[in-house]
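Right, one structure below, let's go through it.
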Amino acid sequence: QIKIVCLLDGYILLCNEKNPLGIYQFARSILELAAFINDVSSRAINIHNKPDNNWQVKGEEFFSCLIRARFGTSNPETIPLLKKLGASNKLLKPFNIMSSLQLLMKNPSAKELSGKYAILCDFVHHNLSSQLTSSPGFRMGDTAHSSSGGAILTKDNGPISRYQYPVSKKAELAIMETSDIVTRSMNICIERL
């Protein structure tokens, strides 16, 4: 519950600061948390629904699920310490976010989120979409000027991108594109908890 609040605070802060890249990053993290909570909750419910005739195995499976959800890690500095304390490789294996997202998309309440993770990733990864969050647009020309005084000349007129920070219009677009994703993800988190 605290992580939900922290992520939502970060999202709102970056919306207020008009930071489009941060808005996309927090929206993606909130969607990942919804998928994770849904996955763990689904596993726990499936274990709970198993017959009670072998309660010990059922209990061990339940607690293994919770331990893995809480302590699963790929951090090479943490793994040896947890192994020393008795955690097995199986319990330390983190849940795969792509598998969690696939499971989430089977949930009718998440139908509108289908495909949204790929869009958010495109803005978070260091490619065209994330670069465009720092550009208010482009102009046609044959000379690009640097803020430090340099220039690049080309033979023909072509698109010359301009980059600046902040870009309020890109932040407004990021808010429009992510607010529904964040709202739906938060509702899933609350529902599944």
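It should be emphasised that the depicted structure is a prediction, and the values quoted were computed from it without experimental measurement.
- No chain of hydrophobic side-chain contacts below 4.5 Å, direct or via other Ile, Leu, Val, Met, Phe, Trp or Tyr residues, connects V40 to L104.
- The closest side-chain donor-acceptor pair between N107 and S109 falls under 3.5 angstrom.
- For the atom pair I67 CD1 and E60 CD, the distance stands at 10.5 Å (nearest 0.5 Å).
- Side chain of D52 to main chain of W55: no donor-acceptor pair is present (N/O by atom type, distance under 3.5 Å, no hydrogens or angles).
- Qualifying ring pair (Phe, Tyr, Trp, His ring centres under 6.0 Å) partners for Y117, counting only residues two or more places apart in sequence or in other chains: none.
- With contacts defined as side-chain heavy-atom distances shorter than 4.5 Å, the pair K90/R68 does not qualify.
- The OG atom of S185 sits 11.0 Å away from the CD1 atom of I190 when rounded to the nearest 0.5 Å.
- Not counting sequence neighbours, the partners of R28 by the salt bridge (charged side-chain N to carboxylate O under 4.0 Å, His left out) test are E32.
- F36 contributes atom CZ, which lies 10.5 Å from atom SG of C189 (distance to the nearest 0.5 angstrom).
- Here E61 does not pair with R43 in a salt bridge; the nearest charged N to carboxylate O distance is not below 4.0 Å.
- Hydrophobic clustering (side-chain heavy atoms under 4.5 Å, transitive across Ile, Leu, Val, Met, Phe, Trp, Tyr) groups I188 together with L31.
- Looking at residues two or more places apart in sequence or on another chain, you find a side-chain contact (heavy atoms from CB on, under 4.5 Å) between N16 and I12.
- We find the CD1-CG distance between I23 and L120 to be 11.5 Å, quoted to the nearest 0.5 Å.
- Other members of the hydrophobic cluster containing L85, listed by chain and number, are L81; membership follows side-chain contacts under 4.5 Å among ILVMFWY residues, whether direct or relayed.
- Residues satisfying the salt bridge (charged side-chain N to carboxylate O under 4.0 Å, His left out) test with D9, not counting sequence neighbours, are none.
- Residues S64 and L91 are in side-chain contact: their nearest non-hydrogen atoms beyond the backbone lie under 4.5 Å apart.
- In this structure Y11 satisfies the ring pair (Phe, Tyr, Trp, His ring centres under 6.0 Å) test with no other residue, sequence neighbours excluded.
- For the pair L103 and S42, the minimum side-chain heavy-atom distance is below 4.5 Å.
- Under the side chain to side chain contact (heavy atoms under 4.5 Å, CB included) rule, Y24 has a single partner from I119, D122, T178, which is T178.
- Put simply, L66 and F71 are part of two different groups of oily side chains (I, L, V, M, F, W, Y) that touch within less than 4.5 Å, one to the next.
- Taking every heavy atom of both residues into account, I97 and A35 meet most closely at CD1-CB, 4.2 Å.
- Note that NZ of K111 is 9.5 Å distant from CZ of R184, once rounded to the nearest 0.5 Å.
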Item to complete: Tell me, with the steps shown, if I4 and L193 meet side chain to side chain contact (heavy atoms under 4.5 Å, CB included).
Response: CA-CA 11 Å; I4 293 170; L193 282 175; 3.5 Å; yes

Practice prompt. Could you walk me through whether I45 and R192 pass the side chain to side chain contact (heavy atoms under 4.5 Å, CB included) test, one step at a time?
Written response: CA-CA 10 Å; I45 289 168; R192 296 306 280 174; 4.1 Å; yes

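- Of the possible polar contacts, none joining the S29 side chain to the Q25 backbone as a donor-acceptor pair under 3.5 Å is found.
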Discussion item. Could you walk me through whether Q1 and V5 satisfy the side chain to side chain contact (heavy atoms under 4.5 Å, CB included) test, starting with their C-alpha distance in whole Å, then the side-chain angles of each, then the deciding distance to 0.1 Å, before giving a yes or no?
Written reply: CA-CA 7 Å; Q1 292 171 336; V5 173; 5.9 Å; no

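- Residue V182 is grouped with residue I37 when hydrophobic side chains (ILVMFWY) are merged at heavy-atom distances under 4.5 angstrom, including chains of intermediate members.
- Across all non-hydrogen atoms, the minimal contact from S100 to F95 is OG-CB, 4.2 Å.
- Counting only heavy atoms from C-beta outward, the side chains of K93 and N89 never approach each other to under 4.5 Å.
- With rounding to the nearest 0.5 Å, the separation of CG in L33 from CG in N38 is 11.0 Å.
- There is a path of hydrophobic side-chain contacts, each under 4.5 Å, that joins M186 to F26.
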Worksheet entry | side chain to side chain contact (heavy atoms under 4.5 Å, CB included) between V124 and L21, intermediate numbers included | CA-CA 7 Å; V124 171; L21 185 57; 5.6 Å; no

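- Proximity of a side-chain donor or acceptor of K58 to a complementary backbone N or O of H48 within less than 3.5 Å is detected.
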